[in-house]
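Reading through the structure tokens given below for one structure.
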Number of protein chains: 2
Amino acid sequence: MNEKKERIISAAKELIAQYGFKKTTMDEIAAKARMGKSTMYYYFKNKEDIFAEIVRIDSDLFRQKLIDAIQAAYSPQDKIMQYVRTRMLHLKELSNYYKTLTNEYLDHYFFIEQVREDFYSFENKILSDLIKEGIQQNIFTPCDIDVVVHMIAIAIKGLEYPLFIQKEQDLEKDSKQMIEIIFKGIEVKA
Amino acid sequence: MNEKKERIISAAKELIAQYGFKKTTMDEIAAKARMGKSTMYYYFKNKEDIFAEIVRIDSDLFRQKLIDAIQAAYSPQDKIMQYVRTRMLHLKELSNYYKTLTNEYLDHYFFIEQVREDFYSFENKILSDLIKEGIQQNIFTPCDIDVVVHMIAIAIKGLEYPLFIQKEQDLEKDSKQMIEIIFKGIEVKA
DNA sequence: TTTTCGACTATAAAACGGATTTGGTCGAGG
DNA sequence: CCTCGACCAAATCCGTTTTATAGTCGAAAA
């Protein structure tokens, strides 16, 4: 990526982290990036485009982090565990970094929706593959994979909840215990 | 409860369902309840008090419904299943009925918080007892009950999510499958 | 040609202030 | 013990003006 583009992204990123999306103005970004406002329009179509790029980059880093976490683990169980754990911790970091942004959560910007959807299908693919792998290794019981993945996704949503309402929780512990239960169940084995 | 009080509650309830909390005025309630506005202040301390009472009543009905659902089931598994199922379906009804209110979700009124907390400890008690019962009957594995209850609560939060973002989902099916997994797990039994 | 920017515009948001609404009180009277 | 009309202060609404902001354009620098 162009050095100028990076300056813009970097400036915008800091500002948005501090002030949020709406409150950050193009003038501020230009000042921080040390260039005329108009210049930025040579590199980006518009304001949204800048933020879309930021989100895209962050999203890519996030995915890579998740992939790394999975690859560092061995068993399917551990891979899933590490996936969820890493996901929650990263989300916590994010929600911490973009604190002001959490408030704008409601006015969902369409480009974020796009990234979100893409992320969900990425997540779906990963989890599906891990479940499949586990079944092949006779570790997980043969089952409707889509259902299981959907349930894990729902559980993850539940784990995310405290982040949304800014409630302090031990995400790591909760994640671990949740996945544990999904693996073992709570019924006595026949 | 006093007949007048009921008239007020009933009028307020209809109006709040249609227009939401903030948009419903005391004058409107008074008109619908066929009495002078001042009269209402003989029965209720203030506007919030009226809505608090509505919420309290609804909450009581909700609890009773849940208790009934549990009592109609036999095994601990079925009781938990019916609990979650009934809870989700009722919540869906509610969120449907108070459609406009969902938008006011953010400006959380403190008296709702109170009811919410009370409900959570009610729920916690119910689920704890059911898990305990299951363990005693050698149906569930001995475990940290608080943890299991917390996990079920988290799973429920995840199930609630589509209601919050007004996304269509088959809550009944999802509830069933989620509880199923929490019971059975997905690992092959040793 | 590619890149930069100051001057400019159109539009959206904020500030404002007066009129209206609204939650709540009070004292008279049923 | 109830009911209510008259009343008040504070909040809300609403039309208007001012300001801020995203985005354009053409000239000029590199």
Side-chain angles (χ1 to χ4, degrees), chain A residues 1-56 100-101 103-114, chain B residues 1-56 100-101 103-114:
Chain A
M1 193 189 346
N2 189 310
E3 182 261 342
K4 294 286 172 57
K5 243 180 154 173
E6 270 177 31
R7 283 232 308 274
I8 297 170
I9 290 290
S10 159
K13 202 172 167 179
E14 285 182 47
L15 288 167
I16 201 190
Q18 185 165 11
Y19 303 114
F21 179 42
K22 273 190 291 196
K23 293 260 184 190
T24 299
T25 73
M26 292 300 272
D27 288 294
E28 287 173 315
I29 300 174
K32 190 148 204 155
R34 302 188 314 282
M35 65 180 71
K37 183 176 63 165
S38 314
T39 306
M40 299 195 297
Y41 284 89
Y42 180 76
Y43 296 99
F44 292 96
K45 200 165 101 269
N46 52 33
K47 186 181 175 183
E48 250 181 22
D49 201 32
I50 297 178
F51 294 124
E53 182 76 3
I54 292 178
V55 172
R56 207 189 51 72
T100 54
L101 206 82
N103 306 334
E104 298 183 35
Y105 191 86
L106 327 171
D107 0 285
H108 17 254
Y109 310 106
F110 83 96
F111 61 89
I112 290 193
E113 288 306 320
Q114 187 54 53
Chain B
M1 191 188 349
N2 190 310
E3 182 262 343
K4 293 286 170 58
K5 239 179 156 173
E6 270 176 32
R7 281 231 308 274
I8 297 170
I9 290 289
S10 158
K13 202 173 167 178
E14 285 182 47
L15 287 166
I16 202 189
Q18 184 164 13
Y19 303 114
F21 179 42
K22 273 191 291 196
K23 293 261 184 188
T24 299
T25 72
M26 292 299 272
D27 288 294
E28 287 173 314
I29 299 174
K32 189 149 205 157
R34 302 187 314 280
M35 64 181 70
K37 181 177 62 164
S38 315
T39 306
M40 298 194 297
Y41 284 87
Y42 180 76
Y43 296 98
F44 294 96
K45 200 166 100 271
N46 52 32
K47 188 181 177 183
E48 251 181 20
D49 200 33
I50 297 178
F51 293 124
E53 181 75 6
I54 292 178
V55 171
R56 208 190 49 72
T100 54
L101 207 82
N103 305 333
E104 297 183 36
Y105 193 85
L106 328 173
D107 356 290
H108 16 252
Y109 311 106
F110 83 96
F111 60 90
I112 289 194
E113 290 306 319
Q114 187 54 53

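Numbered from 1 within each chain, the chains take letters A, B, ... in sequence-line order.
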### Message
Between B/Y19 and B/T100, does the side chain to side chain contact (heavy atoms under 4.5 Å, CB included) criterion hold? Intermediate values first, please.
### Response
CA-CA 6 Å; B/Y19 303 114; B/T100 54; 5.7 Å; no

## Note on the structure
The reported gap from OG1 in B/T24 to CD in B/Q18 (rounded to nearest 0.5 angstrom) is 8.5 Å

### Task
Give a yes or no on whether the ring-centroid distance for A/Y109 and A/F51 is below 6.0 angstrom.
no

Starting at [atom1] of [X] and ending at [atom2] of [N], how long is that distance when rounded to a whole Å?
X: B/I29; N: C/dT21; atom1: CD1; atom2: C1'; result: 15 Å
X: A/K23; N: C/dA13; atom1: NZ; atom2: C1'; result: 10 Å
X: A/M40; N: D/dA22; atom1: CE; atom2: P; result: 8 Å
X: A/M35; N: D/dA30; atom1: CE; atom2: P; result: 16 Å

## Note on the structure
Its contact letters, B for base, S for sugar-phosphate only and - for none at protein heavy atoms under 4.0 Å, make nucleotides 23-30 of chain C read BBBB----

### Task
Go through the steps for B/Y42 and B/I8 under the test side chain to side chain contact (heavy atoms under 4.5 Å, CB included), then give the verdict.
CA-CA 11 Å; B/Y42 180 76; B/I8 297 170; over 6 Å; no

#### Entry: CA sep, side-chain torsions, deciding dist, call: B/F111, B/R56, side chain to side chain contact (heavy atoms under 4.5 Å, CB included)
CA-CA 9 Å; B/F111 60 90; B/R56 208 190 49 72; over 6 Å; no

### Residues which pass side chain to side chain donor-acceptor pair (under 3.5 Å) with B/E14, listed by chain and number, not counting sequence neighbours
B/K32

